[in-house]
Amino acid sequence: MAEMKKVEDSLTEQQYLICPAHINHYGRLFGGQLLKWIDELAGIVAIRHCGCTVTTAAIDNLQFRAPAYTGDMIVLRGWVTCVGRSSMEVRVDTYREALDGRREMINEAYIDMVAIDCHGKPQQVPGLLIETEEQQKQWDAAQKRRQMRKERRQ
Ligand SMILES: CC(C)(COP(=O)(O)OP(=O)(O)OC[C@H]1O[C@@H](n2cnc3c(N)ncnc32)[C@H](O)[C@@H]1OP(=O)(O)O)[C@@H](O)C(=O)NCCC(=O)NCCS
């Protein structure tokens, strides 16, 4: 059986300073830019979990809750919520961080990453060791989303 990994083993944070190049024509952070950062971070989380190459299978449920502007510092925080045989659901929360360190969540996203071998074929990933009630809650919710996605694909 493949080894088990903890949620913390792949939990990843990344910060960005919003510059004019990231801003759209009405002065807010461009959604496509944030999506790129989210996708990259989810990829890093997934690679850290499975230790191999991954590809994005789906970006599910991306919710922009609040805008960000030039000069804002934003923080992306991503972790694995559940795994299947070869797939991993990664949640990425994005925050705007104020000068005093307080964080306001501006985006929540769920990304399905699949571990692939050198031929691009799905390969088995380590299991996820669930250690807290919150992690169990997220695992259960992820299973429901996974089922819904499977039904949609069929
Ligand atoms: C993702 C991909 C590797 C899956 O390959 P596949 O041969 O269809 O694999 P399977 O049907 O056996 O599914 C493998 C796993 O992927 C999951 N999966 C496949 N398509 C999915 C989708 N659209 N959304 C979410 N999960 C998906 C399956 O649920 C399965 O999970 P499990 O092993 O944990 O049960 C393949 O579809 C692919 O390469 N897609 C293009 C990805 C890409 O290029 N992304 C970059 C962005 S453009």
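Start at 1 and go down the list; that is how both ligands and their atoms are numbered.
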Exercise for the section: Could I get the full list of ring-ring contact (aromatic ring centres under 6.0 Å, His included) partners for W37, not counting sequence neighbours? Expected result: Y16, H22

Exercise for the section: Would you tell me whether R146 and S87 have side-chain atoms, one donor and one acceptor, within less than 3.5 Å of each other? Expected result: yes

Exercise for the section: Assess the side chains of Q147 and E151: does a donor N or O sit below 3.5 Å from an acceptor N or O? Expected result: yes

Sub-3.5 Å N/O-N/O distance, [X] and ligand 1:
X	result
S87	yes
R149	no
K150	no

Handout entry: Electrostatic pair D93:R77 at N-O distance under 4.0 angstrom
Key = no

Handout entry: Side-chain ion pair, E89 and R145, N-O less than 4.0 Å
Key = yes

Is [atom] less than 4.0 angstrom from at least one protein heavy atom?
atom	answer
atom 36 (C) of ligand 1	no
atom 48 (S) of ligand 1	no
atom 13 (O) of ligand 1	no
atom 45 (N) of ligand 1	yes
atom 8 (O) of ligand 1	no
atom 32 (P) of ligand 1	yes

Problem - With K144 via side chain to side chain contact (heavy atoms under 4.5 Å, CB included) - residues at least two apart - result: none

